[in-house]
Structures are given as structure tokens and as C-alpha cells.
Amino acid sequence: MIVRQLREDEYCKAKILSCTSFNYSFDAEEHKEEKLTSEAWGAFLDDGETLTSMIYPNTYMSRYGNTYLPCLGIGGVATLPQYRRSGGIRAIFNKFFEMAPERGWALSLLYPFSYDYYRQFGYERVLRRKYIDVDCSVLSHIPRNTNAVLYTDKESQLPILLDVYERFSESLQLIFKRPAGESYSSRYSDNPHKSQSYTYIWQDDCGKAQAYAVCSIRDSKLVVKELCYTSVEALRGMIGFLRMYDGQVHGYRFEWEPEITPLELLMTNYWEVQVELRSSAMGRVLLTDTLLKAYDYPTFPGSFTLAVDDVLTCSRGTFRVSYGGGKSDVVKLSDNPLPDADLTAQMPALSRLMLCSETLDVQNAAYQPGLTVRNPEGAQAFFNAFRKRPLNLYTSF
């Protein structure tokens, strides 16, 4: 087996593999001159030309602590049926993990078809999303307003949307940065009457954009697919504008909301609220040292030693962390997990905790497979620092 990056002339190979795995039609003859423009890596037979498996590695900047770190977004995982269960995907993953220090990938995220399958590569579920359906009456206490404008001009209005998104992102972990210079046409439609996807920008009394909502009408409901806001007033203002749809729709559906969302705090008549919590993305720690140093620790003091048990040399080791007053000191004590560390974590469990998906303490840590507490005081200092926080992704890959 040979693992290598696909060449630009292997577009049809990639599409044939993808259409077979994801059940869509593709005519290779029509596209035989087309070039592959995205980075893709494949597992090939020993002839180096017969493609059996493939993954697209996407690099994003993911918010972690108060900064953004390079993230490996795994997409398009596929294997031809006749070559499945032969180790092709594992070989590509191993190649990506080997590349992590060079690329600077501190963490990795993916949307799984199977949680058990990707757990074998060190991933764990880190993201859950809420889908909230409400009757119009649930929001009736929020005053209506007309302080929003429709997004129709990409050149002048896209920078405004990205500014609101950037400020909104400060309240979330894992969310990807949206740099200027891209069109984001799949997210924000500047031809809403054709696409039937409407992006409304809510402005405060001074005319400054403070919120936006991407929405469409489906099944007599206004479906809000992305809701970003910079303050309580901005959220209430955006909801107040959306209430102008009362009468045209019978209710509202908020999709892809973070598991921890202040939107629910605005609701009153809970008999008319239906909340569905769905498991979503999985994550994996790749560069433990980088994440420990980038994290925004509590202001109160604490210290712990953490032993990371993993197959990857870039993430394995024992670390001593002291924090307090908004600062931290991280020292790598060993390239291997030491037996006397306060807390020993195997990779799936560590990913769930360091990516702020769960809150644990010494008492309930035993319920999380892959954790071993040796010194309760030090382990509790780790749990006190890495608490469950609002997380979300608005990017599919």
C-alpha cells in the first residue's frame, strides 16, 4: 500500500471513489479534462495508481481559549467497496497524524458516520447541537421591530456579516474563523429571492450591525439556520425582527444552535417548546503541549500533572501545569506517561475534556472510560480548569 497526495490530473479517480461511496451520479467522460483543485490524500495499491481510499484534509483556524489554532478538518472519507477493511483509511490517518507538527494542526475535527469507528483513531464526540421548535406565542413577549436589512450586496455587506460573526465567535469554542477574501456564497445568499435563503442584518439605534440571521421558510415555519449576535440586546432585537413573520408562519425552528445557548433563556411558554439534542462532531487532540499553553485558565490558582497515553509521539507525554491570575506555566516532564501523574488520560477521554465538551470532577471521573485518578487534589485542579463551555461549528466539511 502506498499513501500519497493525489495529483491534479486525478480528479476523475477522486470523484469516482466519492460517488461510489456517497451515492451520487458522476460522468467521468464529461469531466475527463477537469483538474483536482483541493488537497486530497489517498491509499493506493502497490502500483501507486490504483486508488482505494481517500480523505480530504481541510485546514481551518479553530477558536481555542482566547485565540485560534490550526485545526485538521477531516472530510470526504471514502473507500471503494472492494477495498474496504483493508487498512487504507487508517494508513491515511496515520500519515495526517505524522504531518500534524509540520502543519501545526493542534486539534482535529470531523463529522462521523460512526462514533465507534473514529474512536479507534483517538476521536471522541465533543459537539452536540440543539434544534429548537417553538410556537409563535413563545416569543410574543419580545417587541417586534423593523431594524434589519436584507443581505443583497456581497461587496458592501459581507464585511459587515463577517464582523458580527467574529464578535459572536468570541463566546464560543471550536468555531472556525471566517477570513475575508472568500465569498461564503453557500452560507449567505446575495440573491435571496431566487435561493429562498434570506440573511437579515439587525442594526442598533446608531445603525451599527449587531446581529444577523440566515433563514428560510419550510413547512410553515421560519427556519433559522445561523443566528449570530453580539449582546443580549442584539439577540432580542434580532428575534423581535423575525417576529415580523408572525402570521406568515406558524412557528420558528432554530437549527444548529449550541448545546449551551442563551436563546432558551428568552423563551417563556415551555409547553410550546420542543428541543432536540443531537450528537454531532468528534474531536481529537493532536498537539497536547500547544493546547495546554493556549488555553485560557481560570484566575484562581491550581496545578496538576497530566499523563497522556496515546500512540502519537506529538500528543503523548507527561505535563506539569500551574495556573492562576490569568497566566499559566506548562512544562513537559517526559515524552511518555509517568506512573505518578495526578491524572492519566487516554486520547478519546482527553479529547472530550480538553476540547471543553464535558464537566467532570474526581467523584464522577470513574464514569468516563480512559481516565485514571492517582492524586485527587491535582486531578481536581485539571477538572476545575477544563470545564464544559459553549461550543459550535457552522461549517460543514
Side-chain angles (χ1 to χ4, degrees), residues 62-66 68 126-145 147-148 160-178 187 199-206 208-215 221-246 249 251-281 296 298-299 355-359 386-395:
S62 178
R63 190 165 181 85
Y64 190 76
N66 290 323
Y68 288 89
V126 296
L127 182 64
R128 293 192 290 189
R129 293 195 179 105
K130 281 182 176 173
Y131 292 71
I132 306 173
D133 288 274
V134 303
D135 185 81
C136 290
S137 63
V138 172
L139 303 172
S140 62
H141 62 289
I142 298 176
R144 296 186 183 94
N145 68 79
N147 295 359
I160 297 172
L161 288 175
L162 296 181
D163 175 67
V164 173
Y165 176 87
E166 179 72 15
R167 288 184 285 152
F168 172 71
S169 299
E170 294 175 1
S171 65
L172 294 170
Q173 298 290 288
L174 301 187
I175 191 168
F176 292 160
K177 194 175 187 65
R178 287 183 180 167
R187 177 57 59 182
T199 301
Y200 289 104
I201 305 170
W202 185 84
Q203 301 170 328
D204 62 19
D205 292 340
C206 297
K208 182 174 176 59
Q210 301 290 0
Y212 71 79
V214 180
C215 53
K221 289 185 177 182
L222 186 69
V223 179
V224 181
K225 295 171 283 189
E226 184 168 310
L227 178 63
C228 294
Y229 45 88
T230 60
S231 67
V232 176
E233 293 74 21
L235 175 57
R236 291 178 62 89
M238 190 72 254
I239 296 299
F241 173 79
L242 295 179
R243 287 197 60 227
M244 300 301 288
Y245 275 89
D246 286 2
V249 299
Y252 298 86
R253 177 175 173 83
F254 298 91
E255 298 185 339
W256 283 39
E257 277 296 296
E259 181 180 358
I260 302 174
T261 172
L263 177 63
E264 289 184 285
L265 300 177
L266 299 184
M267 298 177 181
T268 55
N269 184 12
Y270 294 116
W271 292 115
E272 302 297 333
V273 178
Q274 294 182 332
V275 180
E276 180 184 1
L277 184 63
R278 297 184 187 178
S279 291
S280 186
D296 55 332
T299 56
L355 300 184
C356 305
S357 176
E358 297 291 344
T359 293
F386 291 91
R387 313 289 287 179
K388 187 170 185 172
R389 300 172 67 167
L391 315 168
N392 210 2
L393 294 172
Y394 291 103
T395 304

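These numbers come from the heavy atoms of this one structure, side chains and all, not from hydrogens, waters or symmetry mates.
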Between Asn147 and Asp204, does a side chain to side chain contact (heavy atoms under 4.5 Å, CB included) hold up when you go through it step by step? CA-CA 7 Å; Asn147 295 359; Asp204 62 19; over 6 Å; no

With sequence neighbours left out, the residues meeting side chain to side chain donor-acceptor pair (under 3.5 Å) with Glu358 are Arg125

For Glu166, which residues count as a side chain to side chain contact (heavy atoms under 4.5 Å, CB included) partner, sequence neighbours excluded? Tyr68, Lys177

Under a 3.5 Å cutoff, is there a donor and acceptor pairing between the side chains of Ser280 and Arg129? yes

Can you tell me how far apart CG (Leu355) and CG (Leu127) are? Round to the nearest 0.5 Å. 10.5 Å

Reported OG-to-CZ distance for the pair Ser140 and Arg243, which is rounded to 0.5 angstrom: 5.5 Å

Heavy-atom distance under 4.5 Å between the side chains of Met238 and Gln210, does that happen here? no

Between Arg63 and Leu172, is a side chain to side chain contact (heavy atoms under 4.5 Å, CB included) present by the stated rule, with each step listed? CA-CA 7 Å; Arg63 190 165 181 85; Leu172 294 170; 5.9 Å; no

When rounded to the nearest 0.5 angstrom, what is the spacing between NE2 in His141 and CE in Met267? 9.0 Å

What distance separates Arg178 CZ from Arg187 CZ, expressed to the nearest 0.5 Å? 5.5 Å

Results of ring-ring contact (aromatic ring centres under 6.0 Å, His included) for Phe254 - residues two or more places apart only: none

Could you give the distance from CZ (Arg236) to CG (Asn145), rounded to the nearest 0.5 Å? 10.5 Å

Using 30° and 60° as the class boundaries, would you call the ring planes of Tyr200 and Phe241 parallel, tilted or perpendicular? tilted

So, do Asp246 and Leu139 sit near enough that their side-chain heavy atoms are less than 4.5 Å apart? no

